[in-house]
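Report on the structure given below.
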Number of protein chains: 2
Amino acid sequence: MNIGQAAKHSGLSAKMIRHYEAIGLIAPAGRGANGYRHYTEADLQRLAFIRRSRDLGFSLAEVGRLLGLWENSQRTSAEVKALACAHIEALERRIDELASLRDTLRNLVDHCRGDERPDCPIIRELETGGQRTDRCPS
Amino acid sequence: MNIGQAAKHSGLSAKMIRHYEAIGLIAPAGRGANGYRHYTEADLQRLAFIRRSRDLGFSLAEVGRLLGLWENSQRTSAEVKALACAHIEALERRIDELASLRDTLRNLVDHCRGDERPDCPIIRELETGGQRTDRCPS
DNA sequence: CTTGACCTTGCCCGGGGGGCAAGCTTGACA
DNA sequence: TGTCAAGCTTGCCCCCCGGGCAAGGTCAAG
């Protein structure tokens, strides 16, 4: 099977498959006499594994570790769980950051009339960094 | 004021200030006879505006639009509000995506014993894409 | 044989920076 | 006055995770 077919089956792009090979995430694919890469069933499984790992938000480095665990029959489920838990924690940190931004913005937006006048608390906040300039800086 | 001082005052790095100039986000800074960039109070305000916009998660493209609105006395607060609302919506979409990943992972992690044995539902999920292989595929 | 689809490599682009190098200028101190 | 460290200049490469395009080779069907 050539790279295009492998891409379709795995849901990755041919470009990504080549890239993963270039960065060493997967072993170099076998080549035919014409120089074309060809992929076995086992290769397809690896690609699908990568695709699903990426879909769960793992970075390529994490995917590499997951692949290592997958192919290591000596692995412990504790190792896998630890990797997944670390990723969950990273996701939660990121979610909290974004939620905090959202809340700040929501607050500003709620105080903006949104009419045809130029005066706007959002712009004021960006100007002043949240200092109160509206009443007597004295 | 030179770029290093401007960087300190704005909380940006000198590198980023040069970058913003290079991509046209800010107008080229004035230069002294020695070729050094120098920054006025107005420049510092612009840099601080950018910094706060970035802190709120706006992309550089959005920051560009915000700068345009800021410096346009003909702006309407409705325009600013629309930009901020669009950003809030993007944040919420992103948060939902990440939360969905987190929930999926949490579910998998909760079913993983995390002991010294290799058997692991997380790895199984990545292998099979969620197909039930545990009972009679018949 | 031609045509079109597919494959190969290589390069540039994005966002949003970090880091380092080589060379100039500036300011402080001996 | 010389010297030396900071600071500034530009330029280049790096990270992640790809997209897109170009030039050229290959394959299969008509």
Per the under-4.0 Å heavy-atom filter, residues of residues 25-44 of chain A near DNA chain C come out as A:R31, A:G35, A:Y36, A:R37

Check this for me: does any side-chain nitrogen of one of A:E116 and B:R75 sit under 4.0 Å from a carboxylate oxygen of the other? no

OP1 or OP2 of C:dG17 less than 4.0 angstrom from a side-chain nitrogen or oxygen of B:S13, does that happen here? no

Value in whole Å for how far the C1' atom of C:dC7 lies from NZ of A:K8: 14 Å

Salt bridge (Lys or Arg N to Asp or Glu O under 4.0 Å): pairs with one or both residues in residues 50-72 of chain B, sequence neighbours excluded: B:R46-B:E71, B:R51-B:D55

Without decimals, in angstroms, what is the distance between B:I17 CD1 and D:dC8 C1'? 13 Å

Whole Å only: how far is the CD1 atom of A:I3 from the P atom of D:dC27? 16 Å

Find the distance B:L12:CG to C:dG18:C1' and express it as a whole number of Å. 15 Å

Salt bridge or not for B:E127 and B:R124, using N-O below 4.0 Å? no

Can you check whether A:R18 has a side-chain N or O nearer than 4.0 Å to OP1 or OP2 of C:dC7? no

Please determine, for the side chain of B:S59, which listed nucleotide (C:dC7, D:dC8, C:dG16) has the closest atom? C:dG16

Search all heavy atoms of A:G114 against all heavy atoms of B:S77 and return the closest pair with its distance. N-OG, 3.2 Å

Relative to the 5' end of DNA chain C, which residue comes earlier, A:N2 or B:Y20, by the nucleotide with the nearest heavy atom? A:N2

Before accepting this row, confirm whether a basic side-chain N of the pair B:E21/B:R18 lies closer than 4.0 Å to the acidic partner's carboxylate O. no

Atom pair distance, as rounded to whole Å: CD1 in B:I23 and P in C:dC13: 14 Å

Would you please name every residue forming a ring pair (Phe, Tyr, Trp, His ring centres under 6.0 Å) with A:F58, sequence neighbours left out? A:H87

Send over the distance from B:E62 CD to C:dG15 P, rounded to a whole Å. 12 Å

Side-chain ion pair, B:K81 and A:D115, N-O less than 4.0 Å: no

Just how far, in rounded Å, is C1' of D:dC8 from CD of B:E21? 13 Å

Expressed as a whole number of angstroms, how long is the span from B:L60:CG to C:dG14:P? 12 Å

